[in-house]
Structures are given as structure tokens and as C-alpha cells.
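Note sheet for the following structure.
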Amino acid sequence: MPDQPVVPGFHPDPSVCRVGDDYYLVCSSFEYFPGIPVFHSRDLLHWTQIGNVLDRPEQLRLPVGMSSSGGIYAPTLRHHDGRFWLVVTNCAEGGGNFLVTASDPAGPWSDPTWLPDVPGIDPDLAWDEDGTCWCTIAGVGQIAIDPSTGRTLGEVRRLWSGAPDAKAPEAPHLYRIGDYWYLLIAEGGTERGHGVSIARGTTPNGPFEPCPDNPVLTHRGTDHPVQNTGHGDLVQDADGSWWLVFLGVRPGGGTPGWHVLGRETFLAPVTWNKDGWPVVGEIVSPAGTTADEPFRDTFDLPDFHPSWISVRDRSPEHCTTKERPGWLTLRARGASLDEPDAVFIGRRQQHFTCRAGALIDATRGAGGLAVRLDEEHHYSIETDGTQVRVVSRVGSVRAVVATLPVPAGPTVLSIRMTPPPEPHDARTGPDVITLGLQQPDGTFAALATLDGRYLSTEVAGGFTGRVIGLYAAQGTVHADWFAYEPTA
């Protein structure tokens with residue numbers, strides 16, 4: 001299919017680097033722990049997650065009081081002097097900008113080196129010929145730093161703020177290419193007006209001349225199926241060709257269009273015109289991705305697959321595979337998914353049509369399977385061992401929309417995403433979400449079918465996408481297995 005992401009689902013703000021024949025890519029993770037997924041590829045089209053940068057509590061602290069879509073914003077990944085360097089912003093209270101390093105991008109990564117005098121968000125790293133490390137930030141400003149200590153060298157100076165009156169000049173990346181230093185930025189905001197612009201100068205701190213054809217990438221004002229395109233990062237292939245990774249969304253349904261998977265990572269080729277400016281080509285789509293393979297976890301291993309994420313933290317006291325062999329154990333903390341300290345572990349929804357299921361033993365508590373956007377936008381199917389109920393939370397309204405008594409003991413719960421029924425009109429939502437359970441004969445029994453638009457960014461706001469997973473709302477809940485698979 002055309003216009004497909006190379007990393008589907010909630011994987012925004014991509015940053016990429018090449019080392020030999022290997023490419024590595026990272027993305028924002030916001031309120032989820034572990035933070036900053038790391039992907040590896042040999043062809044820029046097919047990516048496999050190999051770890052997470054921030055996978056220890058001492059690296060990433062996300063307070064309970066922090067709002068959803070806070071936390072970890074816009075990492076930049078670079079390779080310099082034989083080592084991987086990553087700079088990022090923690091937007092939670094007590095956070096700020098910091099650096100971590102690793103010899104292997106799969107980890108382990110170092111504890112943070114904080115940059116207390118580097119303001120703002122979206123930090124970038126670039127080294128010039130004399131070894132000076134330049135940190136460029138949203139706005140777009142720049143300051144020299146000592147990356148080994150986090151100490152700043154001098155004052156922040158303003159470089160370039162993109163097109164006149166364009167909002168949100170951010171996501172700066174600085175590169176030495178040929179005779180010039182190129183400064184790539186996002187502008188227009190990360191909604192429908194998003195775009196990528198570029199300027200160049202003969203030194204890393206300018207002055208910078210804007211490209212006469214800016215923005216070099218945008219889908220604003222078009223009917224292209226991929227919208228909100230921006231926040232790009234350039235990488236050169238081993239054969240000398242250039243590419244741009246960038247974020248975009250795929251809205252569905254009628255007006256105004258709802259994107260439910262979050263901001264995803266796309267790829268496009270880059271050529272250079274006779275005047276030395278980049279020209280971004282059409283989206284290049286993989287024939288298939290590793291995300292298209294069914295995912296099944298039987299919880300037989302002591303460590304979690306790197307694609308599992310939890311809300312704000314993952315305490316072994318509340319989430320473990322070591323207590324009951326072959327089962328995931330969740331011990332409730334918050335009373336429901338409405339609470340910021342809810343015990344939840346999930347994986348990103350990466351396909352428009354898909355299904356997920358789990359065998360749940362809630363004889364000593366209550367919990368189940370959920371599709372989560374944030375505390376105020378989620379659908380769940382929950383059991384307490386004797387009854388199954390479907391819960392809808394949309395904004396300020398929380399409702400139990402269906403119940404069904406079940407025999408005592410473990411229950412297979414299921415959630416399915418499918419296209420909306422015909423006929424379609426301007427008000428049709430992007431999909432429908434059906435929640436139900438597996439009957440003793442193996443057939444699926446639907447309890448409720450809900451409108452998917454209410455679990456979209458256009459309704460809920462924020463910067464994330466849907467995450468499907470398991471939770472405990474009361475007592476102790478066990479899961480024998482969890483499965484996710486695309487259905488189209």
C-alpha cells in the first residue's frame with residue numbers, strides 16, 4: 001500500500017543516525033515508561049525495536065501528578081567519536097534537558113548528564129571541526145556545551161526562526177554538508193499546518209540564509225492521506241544518497257478527520273538541486289514492516305519485550321512476571337484507568353484494523369483489557385471473576401455500557417478495531433471498537449461497539465496515540481497471555 005509509515009503507530013519526532021551499514025532511530029515517548037524506543041535497520045524501510053534508552057527509574061522519573069502528553073519530548077540521536085549520544089527534554093516537573101550516552105544503542109545507556117543552563121525543548125547536538133559541541137533548541141537558539149559535564153560555554157544566541165509569523169519553530173537539527181552548515185527545523189505547529197523548512201550558513205552559528213522554496217516538506221491544504229508532516233531528520237545512505245525521516249498522521253473518517261494511531265514515522269528520499277538546496281520526494285513505503293507480524297507474549301521470560309510500555313513507571317511490586325510462573329501479575333494501585341497512577345502495561349496500536357486478546361484471572365481482584373489514549377479517554381473490558389463489564393471514559397463522562405455474568409475463573413477478553421459501517425458521510429468516525437469475550441466454544445461474543453473517534457487526538461488533544469494493554473483496578477490480576485495481530 002502507498003503512503004505507509006516505516007514505523008507505524010505512536011512513534012513521533014523521529015531522529016536517525018547511520019553507523020557503517022546500520023541505521024538507528026529513536027522517538028518521543030511522553031508519559032510512558034520505559035522511555036525513548038530504539039530501532040535498528042539495514043535499509044531504512046524495515047525497523048526492529050532493540051531496546052529503550054530510558055529503562056531504569058534513575059534515568060526517568062515521571063511524577064504521578066504529571067499530565068498525559070508530558071514527559072519525554074523530541075530526542076536527538078547522534079554518533080560521535082565512536083559513541084552514541086542522545087539529548088532530550090523531560091518536560092515533567094523537576095526535569096529539563098539532559099544527555100545520555102552508550103557504546104551500544106541497544107543499551108545500557110548512561111545515567112543522565114543534566115544541562116541545567118540549556119533552556120527550552122527539542123535539543124540537538126552537532127560538533128564542528130574544532131570539536132565544539134553545539135546544542136540547538138526550539139525557538140531556534142543555540143549554545144555551546146561541554147557534553148561530558150553538561151556545562152554551557154557562553155550564552156544562548158538566536159539563530160533563525162523560520163518563515164515570518166510561522167508558529168512553533170522547533171525540532172532544529174544542524175548538519176555540516178559540503179561547504180555549508182544546514183539548519184533544518186519544523187514550523188507551523190504539529191497539527192495540519194506542520195512543515196519542514198531549512199536554512200544554511202558557512203558557520204554552525206550562522207548567519208543563516210533560508211531556502212527560497214521553504215517549506216521543503218508540508219502537506220498543509222492538500223487532500224494527501226498523510227497529514228501533519230514535519231519534525232524531520234536527515235541521514236545519508238552508504239551509497240551517498242540522502243533521506244528524510246519525519247512524522248505524519250493518517251486521519252480517517254469524515255470531517256474534520258481523526259487520527260487514532262498517533263504521529264507515525266515516515267520516510268522520503270532527498271535530492272539536492274543545482275543551488276545546493278534539498279528537494280524532498282514522495283513518501284517511500286515498505287512492502288511490510290515487523291509490526292505486521294502477530295505479537296504474542298506468554299510471559300515466560302523474566303524481562304519484558306521492549307515494546308511493552310507502562311504509564312509513568314513500572315514498579316516490580318505492581319507489575320511482574322516473576323511472581324506466578326508463566327503469568328503476568330498486576331497489583332492495583334489506582335482505582336481505575338481514570339487515575340494517573342493506574343497499573344497498566346500495553347503496546348502501541350499500529351494498525352487500523354486489528355484485534356487484541358488476553359486470558360485474565362481476576363478471581364482476587366478486578367481488571368482487564370483496555371485501549372488507552374489518556375486518563376480521560378479510554379475504553380476497557382473488565383472482569384472480577386464473576387462478571388464482565390465494558391467501561392467507556394470520554395472526557396468527564398464515565399459509564400458502564402454493558403455487563404455479563406460469567407462462570408468463575410479465568411476469562412478470555414478481546415478488543416477489535418474495524419472500519420465503521422456503511423453508509424459513510426461527513427460525520428462518520430474513523431473506526432469502531434468492539435469489546436467482548438471468548439465463549440467456551442471459542443466464538444467471540446461482542447458486548448459493546450463504540451465509536452473510535454472519541455479515542456483520537458482530535459477529540460482528546462495531546463501528542464500520543466492509542467495503546468492497547470492490560471490493567472488492574474482492584475486487588476491482584478493475572479494474565480496468562482496477551483496477543484495482538486493486524487486483521488487486514
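For the numbers below, each heavy atom of this structure counts, side chains included, while hydrogens, waters and symmetry mates do not.
Of all the heavy atoms in Leu60 and Pro34, the pair that sits closest is CD2-C, 4.4 Å. A pairwise comparison of heavy atoms in Phe33 and Leu54 identifies CE1-O, 4.0 Å as the closest pair. Heavy atoms only, all atoms of each residue included: Ile145 and Cys135 are closest at CG2-CB, 4.0 Å. Across all non-hydrogen atoms, the minimal contact from Trp258 to Ser456 is CD1-OG, 3.2 Å. The nearest pair of heavy atoms linking Asn97 to Thr89 is OD1-OG1, 2.5 Å. Of all heavy-atom pairs spanning Cys91 and Ile121, the tightest one is SG-CG2, 3.9 Å.
The closest donor-acceptor contact from the side chain of Gln350 to the backbone of Pro8 lies under 3.5 Å. No donor-acceptor pair closer than 3.5 Å links the side chain of Asp213 to the backbone N or O of Val216. Looking at Thr289, its side chain does come within 3.5 Å of a backbone N or O of Ala291 through a donor-acceptor pair. The closest donor-acceptor contact from the side chain of Arg427 to the backbone of Gly254 lies at 3.5 Å or more, if one exists at all. Remark: the backbone N or O of Asn214 is not paired with any side-chain donor or acceptor of Ser197 at under 3.5 angstrom. At distances below 3.5 Å, at least one donor-acceptor pair connects side-chain atoms of Asp43 with backbone N or O atoms of His46. In terms of modelled atom types and a separation under 3.5 Å, the side chain of Thr464 and the main chain of Ser69 share no donor-acceptor contact. With hydrogens and angles ignored, the 3.5 Å screen pairs a side-chain donor or acceptor of Thr222 with a backbone N or O of His224. Within the 3.5 Å criterion, the main-chain N or O of Leu450 finds no donor-acceptor partner in the side chain of Ser392. Asp237 places no side-chain N or O within 3.5 Å of a backbone atom of Gly240 that could act as its donor or acceptor partner.
Between Val245 and His231 there is no side-chain heavy-atom pair separated by less than 4.5 Å. Side chains of Leu99 and Leu86 form no contact here, defined as non-hydrogen atoms less than 4.5 Å apart. Side-chain atoms of Asp124 and Ile137, non-hydrogen and from C-beta on, never get closer than 4.5 Å to each other. Residues His80 and Leu125 are not in side-chain contact: their nearest non-hydrogen atoms beyond the backbone lie 4.5 Å or more apart. For the pair Pro12/Phe463, no side-chain contact is recorded, criterion being any heavy-atom separation below 4.5 Å from C-beta on. Looking at heavy atoms from C-beta onward, Leu25 lies out of side-chain contact with Val38 at the 4.5 angstrom threshold. Side-chain contact check for Val279 versus Trp272: every heavy-atom pair is 4.5 Å or farther apart. By the 4.5 Å heavy-atom criterion applied to side chains, Leu217 and Pro215 are not counted as neighbours.
Counting heavy atoms of neighbouring residues, nucleotides and ligands inside a 6.0 Å radius, atom CD of Glu155 does not exceed 12 of them. The number of heavy-atom neighbours closer than 6.0 Å to CD of Glu282, taken from other residues, nucleotides and ligands shown, is 12 or below. Within a 6.0 Å sphere centred on CG of Asp165, heavy atoms belonging to other residues, nucleotides or ligands number 12 at most. Annotation for Asp223: atom CG does not count as buried by contact number, only 12 or fewer foreign heavy atoms lying within 6.0 Å. Under a cut-off of 6.0 angstrom, the local environment of CD in Glu93 is sparse, with at most 12 non-hydrogen atoms contributed by other residues, nucleotides or ligands.
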ask   = Checking side-chain contact (heavy atoms from CB on, under 4.5 Å) for the pair Arg393/His377: CA distance, chi angles, key distance, verdict?
value = CA-CA 5 Å; Arg393 173 67 193 268; His377 301 84; over 6 Å; no

key: Worked check of ring pair (Phe, Tyr, Trp, His ring centres under 6.0 Å) between Tyr175 and Tyr182   = CA-CA 5 Å; Tyr175 318 88; Tyr182 286 85; 8.2 Å; no

inquiry  = Please determine whether salt bridge (charged side-chain N to carboxylate O under 4.0 Å, His left out) holds for the pair Asp374 and Arg466, giving the CA-CA distance in whole Å, both sets of side-chain angles, and the decisive distance to 0.1 Å.
reply    = CA-CA 9 Å; Asp374 60 26; Arg466 289 182 187 166; over 6 Å; no

inquiry  = Quick one, Ser103 with Phe84, criterion side-chain contact (heavy atoms from CB on, under 4.5 Å). Give me CA distance, side-chain angles, the key distance, then yes/no.
reply    = CA-CA 6 Å; Ser103 57; Phe84 291 90; over 6 Å; no

Stepwise side-chain contact (heavy atoms from CB on, under 4.5 Å) test for Leu455 and Ile433 = CA-CA 10 Å; Leu455 302 190; Ile433 301 175; 3.8 Å; yes

query = How far apart are the C-alpha atoms of Trp134 and Thr132, what are their side-chain angles, what is the distance that settles it, and do they pass the side chain to side chain donor-acceptor pair (under 3.5 Å) test?
reply = CA-CA 6 Å; Trp134 297 98; Thr132 300; 4.9 Å; no

query = Could you walk me through whether Phe30 and Tyr73 pass the side-chain contact (heavy atoms from CB on, under 4.5 Å) check?
reply = CA-CA 6 Å; Phe30 298 96; Tyr73 282 28; 3.3 Å; yes

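Inspection of the Ser68 and Arg372 side chains reveals an N or O donor paired with an N or O acceptor under 3.5 Å. Between the side chains of Thr48 and His40, no donor-acceptor pair of N or O atoms lies under 3.5 Å. At a cut-off of 3.5 Å, with distance as the only test, a side-chain donor of Ser28 or Asp13 sits close to an acceptor on the other residue. Side-chain polar atoms of Tyr484 and His351 form a donor-acceptor pair below 3.5 angstrom. Asn205 and Arg157 are not linked by any side-chain donor-acceptor pair at a separation below 3.5 angstrom, with hydrogens and angles left out of the test. Looking only at atom types and distance, the side chain of Asp239 has no donor-acceptor partner in the side chain of Gln236 under 3.5 Å away.
Separating the CG atom in Leu174 from the CG atom in Leu159 is a distance of 8.0 Å, to the nearest 0.5 Å. Atom CZ of Phe344 is separated from atom CZ of Arg312 by 12.0 Å, given to the nearest 0.5 angstrom.
A salt bridge between Asp179 and Arg200 is absent, with no side-chain N of the basic residue lying under 4.0 Å from a carboxylate O of the acidic one. Taking a cutoff of 4.0 Å between a charged side-chain nitrogen and a carboxylate oxygen, Asp313 and Arg333 qualify as a salt bridge. Using a cutoff of 4.0 Å between basic side-chain nitrogens and carboxylate oxygens, Glu375 and Arg398 are not scored as salt-bridged. Ion pairing of Glu458 with Arg453 is absent here, as no side-chain N (NZ or NE/NH1/NH2) approaches a carboxylate O to less than 4.0 Å. Ion pairing between a basic and an acidic side chain is recognised when a charged N comes within 4.0 Å of a carboxylate O; Arg42 and Asp22 show such pairing. Salt-bridge annotation for Asp233 and Arg78: present, with a side-chain N of the basic residue lying under 4.0 Å from a carboxylate O of the acidic one.
Of the candidates Arg250, Arg348, His11, Arg250 is the only one forming a side chain to side chain donor-acceptor pair (under 3.5 Å) with Glu264. Among Lys167, Arg220, Arg263, the single residue meeting the salt bridge (Lys or Arg N to Asp or Glu O under 4.0 Å) criterion with Glu191 is Lys167.
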In residues 108-118, what donor-acceptor pairs under 3.5 Å come from side-chain atoms, sequence neighbours left out?
unit_1: Trp109; atom_1: NE1; unit_2: Pro105; atom_2: O; d: 3.0
unit_1: Ser110; atom_1: OG; unit_2: Thr101; atom_2: N; d: 3.0
unit_1: Asp111; atom_1: OD1; unit_2: Arg56; atom_2: NH2; d: 2.7

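Ring centers of His79 and Tyr24: at least 6.0 Å apart, outside the cut-off.
A cation-pi arrangement is found for Arg314 relative to Phe304, the charged atom lying closer than 6.0 Å to the ring centre and inside a 45° cone about the ring normal. Taking the ring axis of Trp308 as reference, the NZ or CZ atom of Arg347 does not stay both within 45° of it and closer than 6.0 Å to the ring centre.
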